[in-house]
Amino acid sequence: MNKAAIIVNPNAGNKKLVENIHEVVKRLEEKYSKVIVYETKEVGDGGEFLTKIAGEVDLVIGAGGDGTVYELVNALCPLKKRPLFAILPGGTCNDFSRAIGMDQDPFKAVEQILEHKVEQLDVGHCNADYFLNFWGVGLITQVSTNIDSQVKDRFGRLSYYLSAAQTLKDYESFNLEIESPDFTYQGDAAMLIVGNGPFTGGVRAFFPDTDIQDGKFDILIVKEPSLRLIWDALQSKLLKQIPSSEEIHYYKTGRLKVKASPGQLIDCDGERYAHTPAEMVNLEKYLSVIVGNFPS
């Protein structure tokens with residue numbers, strides 16, 4: 001192993017990581033002959049850094065939250081030759097770092113990186129975007145949109161559930177149409193989640209048994225904007241059961257097309273700027289990633 005690069009977001013939730021990044025570098029230099037730190041200043045910097053250095057380093061480490069990871073993965077996945085990827089969790093939820101068993105203390109996560117346990121992981125591809133954790137429309141998108149930044153800074157993961165309770169008061173269903181080789185669906189829906197990883201909002205809830213190496217998405221459709229139905233979906237998955245309700249539908253597939261009326265804003269690993277329709281494919285074992293111990 002020769003060169004490693006750390007792309008760090010100084011605005012991520014865990015300031016401890018940013019303020020002590022020199023300690024991370026010092027530890028990594030025991031294994032890598034050269035460790036370079038790139039500090040982002042605005043959205044897009046991380047992807048630009050990665051694109052420039054990808055052919056010059058053996059390892060790229062994303063130091064930040066889910067937004068940082070999303071940006072780096074979307075710069076990394078289109079490359080023909082990709083360096084190894086690793087994550088130092090430094091955000092609010094850190095969903096995908098949890099999915100691959102990285103310690104949420106970034107300084108313990110450094111030790112896991114040094115152990116160099118590598119796995120080939122699935123990546124979701126939707127239109128022009130890549131995602132590691134989830135893709136969703138409907139209630140899940142509205143909940144994220146409605147989160148107050150000051151509440152998020154103060155309450156962290158709890159802010160997602162406070163927002164959910166508030167959003168449900170006025171939310172209306174939409175018409176959803178899905179085509180895939182494994183199932184079809186047409187009807188009302190309040191929420192569609194396409195899961196690649198098991199964590200949503202920092203909690204292993206809807207898809208606790210998701211396998212991020214099987215080339216399949218987990219699909220959850222909740223038909224009505226009801227707190228009871230969402231709790232039923234959560235509870236069934238917490239108990240590791242397939243939801244058994246006419247109002248909740250669960251499927252697995254590696255490819256699907258989604259249409260919605262009216263058109264829906266998409267939440268792709270926490271990033272919200274595209275709208276339906278959409279076409280997705282699971283890229284099986286596409287990305288080489290340093291992992292910890294996968295959660296059981």
Side-chain angles (χ1 to χ4, degrees), residues 1-9 12-39 46 49-50 53-73 75-77 79 81-123 130 132-133 196-199 202 204 208-215 269 283-296:
M1 296 176 194
N2 194 10
K3 296 181 181 179
I6 305 173
I7 299 177
V8 59
N9 178 5
N14 192 335
K15 305 299 183 187
K16 177 184 176 184
L17 171 58
V18 177
E19 292 168 357
N20 296 279
I21 197 68
H22 61 283
E23 295 294 334
V24 173
V25 172
K26 184 177 178 180
R27 185 72 181 94
L28 289 169
E29 284 178 337
E30 296 179 20
K31 194 162 190 175
Y32 289 87
S33 63
K34 189 173 184 179
V35 179
I36 309 167
V37 177
Y38 298 87
E39 186 172 305
F49 289 146
L50 190 149
I53 65 173
E56 304 171 4
V57 298
D58 303 290
L59 171 67
V60 171
I61 301 171
D66 292 319
T68 301
V69 173
Y70 173 85
E71 184 175 317
L72 296 181
V73 164
L76 186 61
C77 284
L79 302 176
K81 185 177 180 180
R82 296 181 292 272
L84 191 60
F85 186 60
I87 302 171
L88 283 176
T92 303
C93 295
N94 305 313
D95 282 332
F96 200 74
S97 71
R98 295 177 190 274
I100 60 175
M102 299 305 292
D103 197 293
Q104 295 304 289
D105 180 332
F107 301 102
K108 292 181 180 178
V110 173
E111 301 306 314
Q112 292 176 302
I113 291 173
L114 290 171
E115 290 174 7
H116 206 259
K117 180 181 178 182
V118 178
E119 294 284 351
Q120 309 299 315
L121 304 182
D122 297 348
V123 176
Y130 297 86
L132 291 176
N133 198 55
N196 187 49
F199 286 86
R204 192 174 183 177
D209 294 325
T210 293
D211 185 342
I212 52 178
Q213 295 178 298
D214 67 351
D269 275 358
L283 305 175
E284 186 174 0
K285 296 183 179 179
Y286 186 79
L287 192 63
S288 299
V289 181
I290 292 180
V291 302
N293 295 316
F294 286 175
S296 58

Minimal non-hydrogen separation, [X] against [Y], with atom names:
| X | Y | answer |
| --- | --- | --- |
| Pro198 | Asn133 | N-OD1, 4.3 Å |
| Ile6 | Ala63 | CG2-CB, 3.9 Å |
| Ala99 | Ile212 | O-CD1, 4.2 Å |

Side-chain ([X]) to main-chain ([Y]) donor-acceptor, under 3.5 angstrom:
| X | Y | value |
| --- | --- | --- |
| Glu56 | Lys3 | no |
| Gln120 | Gln213 | no |
| Asn2 | Asp58 | no |
| Tyr130 | Val123 | no |
| Lys108 | Asp103 | no |
| Asn293 | Gly101 | no |

Reported [atom1]-to-[atom2] distance for the pair [X] and [Y], which is rounded to 0.5 angstrom:
| X | Y | atom1 | atom2 | answer |
| --- | --- | --- | --- | --- |
| Glu39 | Ile7 | CD | CD1 | 12.0 Å |
| Leu88 | Ile21 | CG | CD1 | 6.5 Å |
| Arg98 | Phe294 | CZ | CZ | 16.0 Å |

Given side chains that start at C-beta, do those of [X] and [Y] come closer than 4.5 Å, heavy atoms only?
| X | Y | value |
| --- | --- | --- |
| Asn94 | Gln104 | yes |
| Lys117 | Gln112 | no |
| Val69 | Pro89 | no |
| Asp214 | Asp122 | yes |

**Study point:** Steps toward side-chain contact (heavy atoms from CB on, under 4.5 Å) verdict (Ile113, Leu59)
**Key:** CA-CA 10 Å; Ile113 291 173; Leu59 171 67; 4.1 Å; yes
Point to revise | Pair Val35-Lys26, side-chain contact (heavy atoms from CB on, under 4.5 Å): steps then yes or no | key: CA-CA 9 Å; Val35 179; Lys26 184 177 178 180; over 6 Å; no
Review point. How would you list, by chain and number, every residue that makes a side-chain hydrogen bond (donor to acceptor under 3.5 Å, both in side chains) with Asp66, sequence neighbours excluded?
Key: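 Checked Asp66 against side-chain hydrogen bond (donor to acceptor under 3.5 Å, both in side chains); zero matches.
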Practice item. Apply side-chain hydrogen bond (donor to acceptor under 3.5 Å, both in side chains) to Glu111 and list each qualifying residue two or more places apart in sequence or on a separate chain. Key: Arg27
**Study point:** From CA spacing to verdict: side-chain contact (heavy atoms from CB on, under 4.5 Å), Phe96, Leu121
**Key:** CA-CA 11 Å; Phe96 200 74; Leu121 304 182; 3.9 Å; yes
Study note, to complete from the structure: side-chain contact (heavy atoms from CB on, under 4.5 Å) with Leu50: of Val73, Val57, Leu79, only one passes, and it is Leu79
Check your understanding: Name the one of Leu84, Leu28, Ile290, Ile87 that satisfies side-chain contact (heavy atoms from CB on, under 4.5 Å) with Ile61?
Key ->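 Between Ile61 and the candidates, side-chain contact (heavy atoms from CB on, under 4.5 Å) is satisfied uniquely by Leu28.
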Point to revise | Partners meeting salt bridge (charged side-chain N to carboxylate O under 4.0 Å, His left out) with Asp211 (sequence neighbours left out) | key: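 Counting only residues at least two positions away or on another chain, Asp211 forms no salt bridge (charged side-chain N to carboxylate O under 4.0 Å, His left out).
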Exercise for review: Specify whether Phe49 and Tyr38 have parallel, tilted or perpendicular ring planes, treating 30° as the upper limit for parallel and 60° as the lower limit for perpendicular.
Suggested key: tilted
